[in-house]
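The figures that follow rest on heavy atoms only: side chains count, while hydrogens, waters and symmetry mates do not. Counting starts at 1 for both ligands and their atoms, in listed order.
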Amino acid sequence: MNHDLIIIGGGPGGYVCAIRAAQLGLNVAIVEVEDRLGGTCARVGCIPSKAMLESSHKYTELKHGLTDHGIKLGKVDLDLSAMLKRKDDIVKTLTGGVDMLMKKNKITRYLGLGSFVSRVDNQVTITVTPPDKKEKPATLTAPRVIIATGSKPAPLRGVEIDGKNIGTSTEALAYDKVPGHLVVIGGGYIGMELGSVWLRLGAKVTIVEYLDRIFPGLDSELAADAHKLFIKQGFTFVLGAKVIGAKSTKDGAVVEIEGKDRKPDSIKCDKVLLAVGRAPNTAGLNVEAVGLKLDDRGKVPVNEQFETSVPGIYAIGDVIRGPMLAHKAEHEGIAVAEQMVTGYSHINYDAIPAVVYTHPELAGVGKTEDDLKAANIPYKKGIFHFRANGRARTLGDTDGKVKM
Ligand code: NAI
């Protein structure tokens, strides 16, 4: 089949790009290896984690938080399977919605793994191999192909993922019972969000972090404030500790750590969540067939217009440079489609908001104070504490502050 544009990857980058390109008049194909469109964000990332964060927040509020308001409750019980079902239903509805958007915009959807075959006479050829391999691979051609294949959890040497006791965020979104003790490797976005879910539902949660702080990359003052609040909430932190191994045992797992100022140690637990970042996902793409080279971190190098070094082949989202955030990928999807058709696009990479959906949430946009210091840019700083804010007092949510 011939198309004007083929997009490989049906996540927030790919599907948003497909819609914009179709709106601008292109005949668009979208290739996705998973049954459901929507990518990591909708299937096993942002959406299900936010569903679990909301449910677990309500649970903990009812269990511990309403006496001050003068509200007395009877016994509050957890029905974990109902909570998980609610999350799964939200995922089904939203991913089904993406399917509908594809149909409405007359975008052709191919189910299977997209691989480059060749680029001859300005036409790129790819094959799409269905996941069950029962059907024959489809062959597609187009003058333009966009790689929007996203990212996958980064592995860690010595940590053996078995999907049972040692897993990634995908497993931690679906534990069928609350772990007695959960060890999270990595005090970043995923570790603190999913750690919060299981802490609220009753687990002991230990965060093992290589650095001497959590949330590297976020404003260090806000990260330090959050750290103190998380300790109050019941998290255990082991900072400055490098995980050098983790193995499943008969009834749980053991995590081995070492560090500059600590003796090698091991932590026994029921479950391990590995959350040490994400790696670009280019498995099976066969980029060599079109002469495309990845950089030394496995990312696809692109210029400001998202063009790779191979004419007609573009890339957006987690697979290229920049923060691995769904809304960044979406904007790149819109920009690359507009660039192709109208010759103009613009993204202000200094204005991408970031949010960690813990309680309290951390949110920021623009340069952090640390960025300004590092760049020797003079600045004025203003801070207002929520404890002095009337609305925050009435809500009973006085932790935290606003910093300009
Ligand atoms: P992250 O980069 O936020 O945090 C990973 C942490 O692991 C870092 O603090 C790092 O120092 C630590 N680490 C690395 N190696 C280690 C070792 N050997 N032992 C102990 N600690 C080690 O990555 P995370 O949390 O996995 O998230 C991945 C991506 O997903 C992020 O880039 C984030 O942008 C995105 N994400 C965004 C969310 C949001 O917008 N709310 C929610 C969840 C994920």
| What do you reckon, are the aromatic ring centroids of Phe230 and His359 less than 6.0 Å apart? | no

Near Leu211 (heavy-atom distance under 4.0 Å), the atoms of ligand 1 are 11 (O)

In this structure, atom 30 (O) of ligand 1 is nearest to the protein heavy atom Arg278 CD, 3.7 Å

Review point. Taking atom types as modelled and ignoring hydrogens, do the side chains of Ser220 and Asp370 form a donor-acceptor contact shorter than 3.5 angstrom?
Key: yes

closest protein heavy atom to atom 12 (C) of ligand 1 is Glu209 OE1, 3.3 Å

Atom 26 (O) of ligand 1 has as its nearest protein heavy atom Gly277 N, 2.8 Å

Atoms of ligand 1 under 4.0 Å from any heavy atom of Val208, numbered from 1 in the order shown, are 20 (C), 21 (N)

For atom 42 (C) of ligand 1, the closest protein heavy atom turns out to be Glu193 OE1, 3.3 Å

Of all protein heavy atoms, the one nearest atom 1 (P) of ligand 1 is Gly188 CA, 4.0 Å

Counting from 1 in the order shown, the ligand 1 atoms closer than 4.0 Å to a non-hydrogen atom of Ala241 are 19 (N), 20 (C)

Would one find an N or O of Tyr189, backbone or side chain, under 3.5 Å from an N or O of ligand 1?
yes

heavy-atom search around atom 41 (N) of ligand 1 in the protein gives Val355 O, 2.7 Å

Note to self: Check this for me: Lys247, atom NZ, are more than 12 non-hydrogen atoms of other residues, nucleotides or ligands nearer than 6.0 Å?
What the structure shows: no

Going by the 4.0 angstrom heavy-atom rule, the piece of Ile257 near ligand 1 is neither

Of all protein heavy atoms, the one nearest atom 21 (N) of ligand 1 is Tyr210 N, 3.1 Å

Ligand 1 to Pro216, heavy atom cutoff 4.0 Å, flagged ligand atoms 8 (C), 9 (O)

query: Is Leu156 close to ligand 1, meaning an N/O of one under 3.5 Å from an N/O of the other?
result: no

**Message:** For the 3.5 Å polar cut-off, considering only N or O atoms, please tell me whether Met324 and ligand 1 meet it.
**Reply:** yes

Q | Donor-acceptor pair, side chain of Lys401 and main chain of Asp225, under 3.5 angstrom | A | no

Q.
Using a 3.5 Å distance criterion without hydrogens, assess whether the side chain of Arg393 forms a donor-acceptor pair with backbone atoms of Arg387.
A. yes

### Task
Give the ring-plane orientation class for His227 versus Phe237, where under 30° counts as parallel, over 60° as perpendicular and anything between as tilted.
perpendicular

Ligand 1 to Val243, heavy atom cutoff 4.0 Å, flagged ligand atoms 17 (C), 18 (N), 19 (N)

Numbered in order shown, the ligand 1 atoms found under 4.0 Å of a heavy atom of Tyr357 are 41 (N)

If you scan protein heavy atoms around atom 7 (O) of ligand 1, the nearest is Gly186 CA, 3.3 Å

Using side chain to side chain contact (heavy atoms under 4.5 Å, CB included), reason through Ser169 and Leu194 one step at a time and then give a plain yes or no. CA-CA 8 Å; Ser169 46; Leu194 288 180; 3.7 Å; yes

Short version for Cys46: what comes under 4.0 Å of ligand 1, heavy atoms counted, is neither

CD1 of Ile320 to CD1 of Ile147, rounded to nearest 0.5 Å, is 10.5 Å

| task | May I ask you to check whether over 12 heavy atoms, not counting those of Lys367, lie within 6.0 Å of atom NZ? | result | no

Q) Is the shortest heavy-atom distance from the side chain of Lys271 to the side chain of Val183 under 4.5 Å? A) no

Review point. Do we see a donor-acceptor contact under 3.5 Å between the side chains of Thr60 and Arg200?
Key: no

If you compare Val159, Ile190, Val276, Ile185 by their heavy atoms, the one closest to atom 27 (O) of ligand 1 turns out to be Ile190

Shortest non-hydrogen pair, Arg321 vs Glu332, comes out as NH1-OE2, 3.5 Å

